[in-house]
Amino acid sequence: MFYKLTNGQKKRRNMRSAMTDEQRREKCQAILGAALKLFRKKTFSDIRMADIAQQVNISKGTLFNYYNTKENIFMDLLLTGYQIYFEELDQKITKISHLSINEFKFLLLEESKLLIKQHRVILRLNALRESVLEARADMSQTIEGRLKLNEIVLHLGKTIAERVDEVEPKEAGHLLIMQSAILSGVLNMSNLDKFDQHKIGKRLETFRLDFESEAIQAFELYLNGLFFKSEGKRNNEINKY
């Protein structure tokens, strides 16, 4: 025999479900926090699921109820990190009424320095994304995270376009993706004079890079070329008339 739930019973059931979802989110955040703490001290290959479980004070079996692979944890950490960073950048730019191209370029370069100093973990993970993380990360969860990130970047692109002369939302969003690509690429190439974090020696001095300064320089060169090209297009359009 089936009983129809009263409105009060439905409300209590929904509250229990909401609490369960909230508790799950809190536990996931604790797991990501533990993984982040370990990744700041160790390489990805040196971190085990058991290490992360120990940090959160749960069993390894319980950890698998939230993430089925280590790659899944760090993929979520990567996507969540970028989501938070771009949302914070959106809030920062929202407070600015107007930016010239040069002011916008300066802002991007300063943000790149901030990304390197305060969010280097994101750049390290981004360098591992395709070759390591995607091999065993959950595809549906990754796509869901990327779709959410895409929405945030689109909104940020619109925020930028409303304040920067002659920059389209799509172009602004693409700039942010290129920023990460350049910084992560230089970071990935900056350790060729090392093997497994151990310095090889003077024989590979040619491969030694100053990550921060050369990453900023590479991004600045990209911006200069992009804005010069855009200015040339605008001038050509004007000359038609």
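Nothing fancy with the numbering, it's 1 onward along the sequence. Computed from a prediction, not measured in an experiment: that's the story for all the values here.
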Donor-acceptor pair, distance only, cut-off 3.5 Å: does the side chain of E214 make one with the backbone of D210? yes
Within the 4.5 Å heavy-atom criterion, are K27 and R24 side-chain neighbours or not? no
Which heavy atom of L209 sits nearest a heavy atom of S190, and at what distance? CD1-CA, 3.8 Å
Within the structure provided, determine whether L187 and N126 are in side-chain contact (heavy-atom separation under 4.5 Å). no
For Y67, the ring pair (Phe, Tyr, Trp, His ring centres under 6.0 Å) test, sequence neighbours excluded, returns none
Closest non-hydrogen atom pair between F211 and L183, with its separation: CE1-O, 3.3 Å
How far apart are the C-alpha atoms of D21 and R25, what are their side-chain angles, what is the distance that settles it, and do they pass the side chain to side chain contact (heavy atoms under 4.5 Å, CB included) test? CA-CA 6 Å; D21 290 342; R25 280 192 292 271; 4.0 Å; yes
With clusters built from Ile, Leu, Val, Met, Phe, Trp and Tyr whose side-chain heavy atoms come within less than 4.5 Å, directly or transitively, what are the remaining members of the cluster of M139, listed by chain and number? I143, L147
Counting only heavy atoms from other residues, nucleotides and ligands, does the tally under 6.0 Å from CZ of F64 exceed 12? yes
Are any of the side-chain heavy atoms of F227 and N102 separated by less than 4.5 Å? no
Going by atom types only, do T62 and N65 share a side-chain donor-acceptor pair under 3.5 Å? no
Quick check on H119: does its NE2 atom have over 12 non-hydrogen neighbours (other residues, nucleotides or ligands) under 6.0 Å away? yes
Here the pair of heavy atoms bringing I73 nearest to A35 is CG2-CB, 3.6 Å
I'd like to check H174 versus K170 (side-chain heavy atoms, cut-off strictly below 4.5 Å). Are they in contact? no
Greater than 12 external heavy atoms within 6.0 Å of E130's CD: no
Separation between CZ of F44 and CG of L38, rounded to the nearest 0.5 Å: 12.0 Å
L108 and I96: same hydrophobic cluster, using ILVMFWY side-chain contacts below 4.5 Å? yes
When you measure from the side chain of R163 to the backbone N and O of T159, does any donor-acceptor pair fall under 3.5 Å? yes
In Å and rounded to the nearest 0.5 Å, what is the CG to CZ distance from L36 to F74? 8.5 Å
Show your reasoning for whether side-chain hydrogen bond (donor to acceptor under 3.5 Å, both in side chains) applies to N72 and T69. CA-CA 5 Å; N72 218 32; T69 67; 4.8 Å; no
Using a 4.5 Å cut-off on heavy atoms from C-beta on, say whether the side chain of P169 contacts that of L154. no
Minimal non-hydrogen separation, A218 against V186, with atom names: CB-CG2, 4.5 Å
Check the pair F104 / L175 against side chain to side chain contact (heavy atoms under 4.5 Å, CB included), numbers first and verdict last. CA-CA 11 Å; F104 179 51; L175 268 174; 3.6 Å; yes
A215 to I116 - nearest heavy-atom pair and separation: CB-CD1, 4.1 Å
Atom CG of L128 and atom CG of N188: how far apart are they, to the nearest 0.5 Å? 8.0 Å
Any chance you could lay out the side-chain hydrogen bond (donor to acceptor under 3.5 Å, both in side chains) test for Y85 and E111, step after step, and finish with the verdict? CA-CA 10 Å; Y85 170 71; E111 280 298 318; 3.0 Å; yes
Report the C-alpha distance between E212 and K117 in whole Å, list the side-chain angles of each, state the deciding distance to 0.1 Å, and finish with yes or no for side chain to side chain contact (heavy atoms under 4.5 Å, CB included). CA-CA 8 Å; E212 182 174 347; K117 290 177 180 177; 3.1 Å; yes
In this structure, CG of L226 is separated from CD1 of I101 (nearest 0.5 Å) by 9.0 Å
Does S100 offer a backbone N or O that forms a donor-acceptor pair with the side chain of E103 under 3.5 Å? yes
Do R48 and I52 come close enough that some side-chain heavy atom pair is under 4.5 Å? no
Verdict with reasoning, K42 to D51, per side chain to side chain contact (heavy atoms under 4.5 Å, CB included): CA-CA 11 Å; K42 300 181 178 182; D51 298 327; 4.1 Å; yes
Filter on salt bridge (charged side-chain N to carboxylate O under 4.0 Å, His left out), then keep only pairs touching residues 131-144, sequence neighbours left out; what's left? E71-R136, R129-E134, E134-R146
Compare all side-chain heavy atoms of T142 with those of D76 and state whether any distance is below 4.5 angstrom. no
Check whether any side-chain heavy atom of Q91 lies under 4.5 Å from a side-chain heavy atom of K95, and answer yes or no. no
Nearest 0.5 angstrom please: D90 CG to K92 NZ, how far? 11.5 Å
In this structure, NZ of K105 is separated from CG of L223 (nearest 0.5 Å) by 7.0 Å
Could E151 and K148 be called an ion pair, given the rule that one side-chain N must be under 4.0 Å from one carboxylate O? no
Correct closest heavy-atom pair for N68 and M49 would be C-CE, 4.4 Å
Give a yes or no answer on whether the side chain of E88 reaches the backbone of Q83 with a donor-acceptor pair at less than 3.5 Å. no
